Amino acid sequence: MSVTVLSIILLVLLFAFLGAGLWVAFALLGVGIAAMALFSDAPLGLVMATTLWGHGNNWALAALPLFIWMGEILFRSRLSDDMFAGLSPWMNRLPGQLLHVNVFACGIFAAVSGSSAATAATIGKLSIPELTQRGYPEKMVIGTLAGSATLGLLIPPSIILIVYGVATEQSIARLFVAGVLPGVLLVGLFLGYVILWAMVNRARLPDESLAVSFMERLRRSRRLIPVMLLILGVIGSIYAGLASPTDAAAVGVVLALILSWSTGTLTKQSFMDGLMGATVTSCMIAFILAGASFLTVAMGFTGIPRILAEWIGSLDLSTFTLLAALTVFFVIMGCFLDGISVVVLTASVIMPMVTEAGIDPMWFGIFLVIVVEMSQITPPVGFNLFVLQSLTGRDILYVAKAALPFFMLMVAALVIISVFPSIVTFLPGQM
């Protein structure tokens with residue numbers, strides 16, 4: 001049977017499983033089992049057992065539940081209130097005024113939660129009622145939140161970067177550090193857009209130019225100190241080589257518990273809720289990774305990734321043409337699957353192509369995460385759109401339209417890091 005026919009059969013089977021409502025992990029396992037049973041003589045049971053155990057018994061994965069738990073603890077703390085109070089006095093003189101608080105607050109929370117949906121929900125619960133009450137245009141409030149919340153996937157500690165690192169055997173510490181400057185780039189693009197929009201639409205913004213003394217600004221900014229120390233403790237220890245991502249995650253959990261206790265939000269109920277939330281999310285991701293790892297091995301037995309990589313190489317595509325094609329492919333995939341599923345589902349097929357084209361796998365990881373960020377705000381399965389839809393009561397197309405300018409800014413970010421790859425590679429090179 002030709003590779004083309006085999007690929008079509010497995011692809012149809014995958015979409016049939018997903019369309020039937022089967023869990024992503026079961027769908028991946030099912031396709032892997034079918035591939036090995038029908039198109040390989042390898043011992044199915046033995047290969048499955050050794051693959052699931054070998055990929056599950058991975059120390060790098062220990063960072064995953066710890067970072068998720070850290071985000072769950074902070075999600076239930078007073079962190080969003082502190083950030084709004086600490087940032088708003090500095091923003092009221094900038095064009096766009098408190099709309100910038102959405103961008104900065106999402107960037108800060110992204111650096112301690114690692115989750116795009118958690119960032120959108122936490123910051124949105126506070127800022128949407130506050131900014132709407134003050135008279136800010138609803139579309140810009142939703143748009144800045146939808147775009148900026150995706151930073152949770154890129155700014156370390158990022159859950160999806162851990163997943164990518166495990167799936168492709170890349171250094172998670174280097175991936176974390178590689179995400180810092182692209183994250184700053186995206187924050188800068190979002191702020192620049194808000195400033196330009198505000199200068200063109202001055203009449204649509206409320207007057208927030210209330211005089212706040214410099215000392216009063218400093219006094220309110222003290223509420224930002226704990227979370228900034230937490231970020232420095234986690235990211236700084238990794239960058240300085242003092243701790244692995246797993247060690248830093250453990251430190252982050254301890255610091256998050258201390259921060260939550262000091263603000264009076266750490267109770268037995270909040271502790272158990274955070275622990276159970278982290279357990280459920282971690283098990284879901286680990287299960288998906290297990291299914292994806294078996295599918296990866298099964299694909300190796302069929303020879304599809306190698307032949308596909310050779311075919312792509314024979315087309316003699318330029319690097320930019322290949323990246324453009326992959327961008328369209330991943331955005332389409334993101335319309336139907338969540339970001340983690342997209343990464344683990346495609347890693348086994350895409351990475352040989354990327355390696356064949358001479359693209360740095362670490363750089364490609366950051367590129368891929370930005371594309372997955374874009375898919376978080378594309379209907380029908382953009383997770384950030386669902387979160388903001390529930391917070392605002394608006395239909396998903398209205399929210400998607402509000403997020404469209406920020407989608408285009410992410411496209412611009414992809415172009416920038418493609419033309420200047422050192423934005424991604426500089427900091428890891430200094431480690």
Side-chain angles (χ1 to χ4, degrees), residues 1-58 60-61 64-65 68 159-160 162-169 279-309 311 326 329-353 368 372 375-376 380-383 386:
M1 185 179 294
S2 71
V3 172
T4 304
V5 175
L6 173 57
S7 302
I8 292 173
I9 290 173
L10 295 178
L11 194 61
V12 169
L13 188 62
L14 174 64
F15 280 108
F17 284 154
L18 293 173
L22 206 62
W23 289 0
V24 172
F26 280 131
L28 299 179
L29 281 170
V31 174
I33 291 170
M36 288 201 63
L38 298 175
F39 310 109
S40 170
D41 296 327
L44 175 58
L46 183 61
V47 171
M48 180 186 290
T50 53
T51 300
L52 296 184
W53 171 256
H55 284 77
N57 186 24
N58 189 332
L61 277 175
L64 187 69
I68 293 172
I159 305 303
I160 203 165
I162 297 176
V163 171
Y164 176 83
V166 171
T168 60
E169 299 181 352
T279 301
V280 170
T281 305
S282 301
C283 289
M284 178 194 73
I285 295 173
F287 198 13
I288 291 174
L289 281 172
S293 65
F294 177 65
L295 179 59
T296 300
V297 172
M299 288 296 100
F301 277 103
T302 63
I304 291 176
R306 175 182 54 80
I307 295 170
L308 192 56
W311 177 68
L326 289 176
F329 169 73
F330 281 122
V331 169
I332 293 172
M333 288 284 288
C335 288
F336 304 98
L337 296 170
D338 65 279
I340 290 173
S341 300
V342 169
V343 171
V344 296
L345 182 61
T346 58
S348 62
V349 178
I350 297 299
M351 290 315 295
M353 295 185 210
L368 175 57
V372 171
S375 71
Q376 297 294 294
V381 191
F383 276 23
F386 287 139

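Counting begins at 1 with the first residue of the sequence. These numbers were taken from a predicted model, which means no experiment stands behind them.
Nearest approach of V47 to F294, heavy atoms of both residues: CG1-CE1, 4.3 Å. When all heavy atoms are compared, the tightest approach of A298 to A35 is CB-CB, 4.4 Å. Considering all non-hydrogen atoms of both residues, I33 and L44 come closest at CG2-CD2, 3.8 Å.
Considering CG of L368 and CG of L326, their distance stands at 9.0 Å, rounded to 0.5 Å.
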